[in-house]
Asks: 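Please find one structure pasted underneath; my questions will follow.
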Amino acid sequence: MRRINAKRVLVGEPLDTARLGETLLPKRLALPIFCSDPLSSVAYATEEILLILALAGVALLHLTWYAAAAIVFLLLVVVASYRQTCHAYPGGGGAYVVSAENLGQTAALTAASALLVDYVMTVAVSVVSGVSAITSAIPSLNDHEVALSVAFVVLLTLMNLRGVRESGRVFAIPTYGFVLVIYLMFAVAAVRLGTGETIRAESAHLPITAEGTYTGIALVFLAMRAFASGCTALTGVEAISNGVPAFRKPKAKNAATTLAAMGALSATMFMGITALAMSYQVHVAADPTELGLPPGTATSTALAQIGRATFGNWHFLFYLLQAVTAGVLILAANTAFNGFPMLASILAGDQYAPRQLANRGDRLVYSNGVVLLALAAIALIVAFDAQLTRLIQLYIIGVFVSFTLSQAGMVRHWGKELASPATPPEERVHIHRRRAINAVGASLTALVLVIVLLTKFTHGAWLVVIAMPLLFLGMKGVRRHYEQVARQVAVDPHVTPRKPARHHVLVLVAAVQAPTLKAIGYAQGLRPDTLTAVTVAADEGEAARLREAWAAHDPGLPLKILHSPYREVVGPIMAHVQELAAGDATDVLSVVIPEYVVGHWWEQPLHNQNALRLKARLLFTPGVAVIDVPYLLESAKSARPAGREG
């Protein structure tokens, strides 16, 4: 009977490297895969503006219009800027590659650390906000937000381990469904409002308790903070420029077209939701008591209030809105699941991250990066108790650091193109235009970065400000380690391989058993200069029994018994090995260790503990080689994969 392989069931059958081209994405799948984050951000960006302005009561809610307009303008500028990046760098890599080529490695690692932090934040914020949409429709689930969030991260991880193209088909349904339902909501609202009907949100009658009076500098600071919070609508814009290689040919053109479509959809949906929120007089607050509600009362999200008010008695449309909103918000994390592993693989290729992150799994995805991202996001969700209001304060700093460095790098890139005599005269006009677009983008995103830092630092963003330099130093440390190892293992051109003068072999013996005899047979096949079996005895009686068993089987080599009155095994063997290894420097000593191979995880702690401790010590002993000779127990033989013999 064929054994069921759980890994194959969860992630699918392995794919041949030759099929990598089959995983490339058409625009219709690239949009939900790479743009689900910026498209879904409109579900909570307006609410984030309202939450900040609510600190002053209802008096300043009219500033929502101005904040939203500024954010849309910034979104369009950033989209236009990144379209230039797609064409100039079709190899992908986004801010890291652009900065490395034009601004140097310090700027590149700063951009990389910002992006890595942002990707982890994207998963945490997207999933938690999706769970908030679910709990808005089903309040009884409010106490299970952490468990639900972790479960969705695990589900997303498994889907991404199956492969980009396969997961893209799944992600397309909620993403396109969200866009269609939002525009349907706009159409219904337009008809109802156009016929003179008055629509009010469920919270319109609730007063908002102001935390203080905001005038002068305090007013400006509050407005800047509201704008900074609403800039979450821009998260994920850079993902397409990072993933240009995943598109079908012509890669750069298809990526730029997809980016433009995403910008148009995000801008119109964000402005539409903001307009309805203002028209319906939606009131939100981080603390329900600020709305005059009892402590602990569950409040609906701004989008949920808009949907409930718009669809009225058409309850199925409201629940459809909540379903697709929850779906797209949760799947928005997929933007990070594509961007993080790809960036990590580039960093690994440049020796700034562990080499394992550069390896594709058997489904042709960077599976190690996928798992690492999931673990980091789960840790963040648990640490912050799946509270969106707390997590959102850590958001977008990394986004705007990478935006600014990427666009500044593009300005330098176009400057090099203009300075090159090989650039055709007819191209110079276009290059001047592209450089101007990137210069405007760099200036605006740098200004927003300053605003974000000023307004969010004391509200939790300091954690990100600490995390980014730590990542930066960590990546520098990884590179330094790899460089040191490369120097240490480099081959001297004047040195040729030399056969050791003599080869000594020790076979470790615990008892005269089948695994021992197998290890002795292997050691004899090495044809060493000397071959000795070594065992440890706690007393003379045990030593006598070992000698008797050894003589009865006559393995053909001498048995040396090390006495250990304190019943320790590892210490006497290590002392004997070090004594032999300290001999002639031209000799080599091999230690052969018979080891049980078990088939069940619970059997492992029951065997091989002395062998494991010995190997750990012997690996640090100069001039000593350690050889494992495995002996399969029955449980290991039955657990062996079907079709394999041994």
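For the single chain, residues carry numbers from 1 onward in sequence order.
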Asks: Would you indicate whether the side-chain heavy atoms of Leu357 and Pro341 approach each other to under 4.5 Å?
Replies: no
Asks: State the OG1-CD1 distance between Thr423 and Ile431, to the nearest 0.5 angstrom.
Replies: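 These two atoms lie 5.0 Å from each other.
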Asks: Met410 pairs by side chain to side chain contact (heavy atoms under 4.5 Å, CB included) with which of Leu405, Ile437, Asn102, Asn438?
Replies: Asn438
Asks: Does the Thr268 side chain pair with the main chain of Ala264, one donor and one acceptor, at a distance under 3.5 Å?
Replies: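 Indeed, once roles are kept as given, a pair shorter than 3.5 Å links the two residues.
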Asks: Would you please test Phe400 and Leu74 for side chain to side chain contact (heavy atoms under 4.5 Å, CB included) and show each step?
Replies: CA-CA 11 Å; Phe400 280 95; Leu74 180 63; 3.8 Å; yes
Asks: Please answer whether the main-chain N or O of Leu418 pairs with a side-chain N or O of Arg428 as donor and acceptor at a distance below 3.5 Å.
Replies: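 Indeed, once roles are kept as given, a pair shorter than 3.5 Å links the two residues.
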Asks: Is there side-chain contact between Tyr89 and Val244, with heavy atoms separated by less than 4.5 Å?
Replies: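 Sidechains of Val244 and Tyr89: no contact.
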Asks: Examine distances only and state if a side-chain atom of Ser229 and a backbone atom of Ala226 form a donor-acceptor pair shorter than 3.5 Å.
Replies: no
Asks: A cation-pi test, strictly: NZ or CZ of Arg487 under 6.0 Å from the centre of the six-membered ring of Tyr482 and no more than 45 degrees from its axis. Yes or no?
Replies: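 No, Arg487 does not sit over the ring of Tyr482.
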Asks: Please determine whether a side-chain nitrogen of the Lys or Arg among Arg434 and Glu427 lies less than 4.0 Å from a carboxylate oxygen of the Asp or Glu.
Replies: yes
Asks: I would like to know whether Thr445 and Val401 meet side chain to side chain contact (heavy atoms under 4.5 Å, CB included); could you show each step before the answer?
Replies: CA-CA 8 Å; Thr445 54; Val401 170; over 6 Å; no
Asks: Check the surroundings of atom CG in Leu619: do more than 12 heavy atoms from other residues, nucleotides or ligands lie under 6.0 Å from it?
Replies: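 Enclosed.
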Asks: Whether the side chain of Tyr119 engages the backbone of Leu343 through a donor-acceptor N/O pair (distance < 3.5 Å, no angle test) should be reported.
Replies: no
Asks: Can you tell me how far the CE atom of Met475 sits from the CG atom of Leu470, to the nearest 0.5 Å?
Replies: 11.0 Å
Asks: Is it true that a side-chain atom of Thr85 and a backbone atom of Ser241 form a donor plus acceptor pair closer than 3.5 Å?
Replies: no
Asks: Using the side chain to side chain contact (heavy atoms under 4.5 Å, CB included) rule, take Met224 and Val220 through it: C-alpha gap first, then chi angles, then the decisive distance, then the call.
Replies: CA-CA 6 Å; Met224 290 168 56; Val220 173; 3.7 Å; yes
Asks: Of all the heavy-atom pairs spanning Val72 and Ala267, show the shortest one and how long it is.
Replies: CG1-CB, 4.0 Å
Asks: Indicate yes or no: at least one non-hydrogen side-chain atom of Ile240 is less than 4.5 angstrom from one of Cys35.
Replies: yes
Asks: Quick one: does Ser266's side chain have a donor or acceptor within less than 3.5 Å of a partner on Gly263's backbone?
Replies: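 Pair absent, no side-chain N/O of Ser266 close to backbone of Gly263.
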Asks: Taking the side chain as every heavy atom from C-beta outward, state whether Val120 and Leu116 have any atom pair closer than 4.5 Å.
Replies: no
Asks: Out of the candidates Tyr82, Phe247, Phe337, only one should pair with Phe34 under the ring-ring contact (aromatic ring centres under 6.0 Å, His included) rule; please name it.
Replies: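 Single pass found, and it is Phe247.
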Asks: Heavy-atom distance under 4.5 Å between the side chains of Glu426 and His430, does that happen here?
Replies: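 No, side chains not in contact.
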Asks: Does the side chain of Leu148 reach to within under 4.5 Å of the side chain of Val127, using non-hydrogen atoms?
Replies: no
Asks: If we ignore angles and hydrogens, is there a donor and acceptor under 3.5 Å between the side chains of Thr46 and Thr274?
Replies: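 There is such a pair (donor and acceptor under 3.5 Å, judged by atom type) between the side chains of Thr46 and Thr274.
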Asks: Does any part of the side chain of Phe178, heavy atoms only, come nearer than 4.5 Å to the side chain of Val42, both counted from C-beta?
Replies: yes
Asks: Within a strict 4.5 Å, meaning less than it, do heavy atoms of the His481 and Val485 side chains meet?
Replies: yes
Asks: If we ignore hydrogens and angles and just use 3.5 Å, is the side chain of Ser402 paired with the main-chain N or O of Val399 as donor and acceptor?
Replies: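 Yes, the answer is positive, given that a donor and an acceptor are paired below the 3.5 Å cut-off.
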Asks: Check whether any side-chain N or O of Lys251 sits under 3.5 Å from a backbone N or O of Pro245 as a donor-acceptor pair, and report yes or no.
Replies: yes
Asks: For Cys86 versus Ala252, what's the shortest heavy-atom pair and its separation?
Replies: O-CB, 3.4 Å
Asks: Flag yes if more than 12 heavy atoms outside Arg479 fall under 6.0 Å of its CZ atom; otherwise flag no.
Replies: yes
Asks: May I ask you to decide if Ala446's main-chain N or O and Thr404's side chain share a donor-acceptor pair within less than 3.5 Å?
Replies: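 Yes, because the side chain of Thr404 sits within donor-acceptor range (under 3.5 Å) of the backbone of Ala446.
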Asks: Keeping the roles fixed (side chain from Ser126, backbone from Val123), state whether a donor-acceptor pair exists under 3.5 Å.
Replies: no
Asks: Rounded at 0.5 Å granularity, tell me how far CG in Leu347 sits from CZ in Arg355.
Replies: 14.5 Å
Asks: Do Leu31 and Tyr176 pass the side chain to side chain contact (heavy atoms under 4.5 Å, CB included) test, and can you show the C-alpha distance, the side-chain angles, and the key distance before you say yes or no?
Replies: CA-CA 9 Å; Leu31 184 70; Tyr176 285 121; 3.6 Å; yes
Asks: What distance separates Tyr352 OH from Arg480 CZ, expressed to the nearest 0.5 Å?
Replies: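 Rounded to the nearest 0.5 Å, the OH-CZ separation comes out at 10.5 Å.
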Asks: Can you tell me how far apart CG (Leu222) and CG (Leu53) are? Round to the nearest 0.5 Å.
Replies: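 Going from CG on Leu222 over to CG on Leu53, the span is 5.5 Å.
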Asks: How long is the gap from CZ on Phe472 to OG1 on Thr106, to the nearest 0.5 Å?
Replies: 4.5 Å
Asks: Within the 3.5 Å criterion, strictly below it, is a donor on Gln356 or Asn368 matched to an acceptor on the partner's side chain?
Replies: no
Asks: Take atom NZ of Lys253 as the centre, draw a 6.0 Å sphere, and report whether it contains more than 12 heavy atoms from other residues, nucleotides or ligands.
Replies: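 No.
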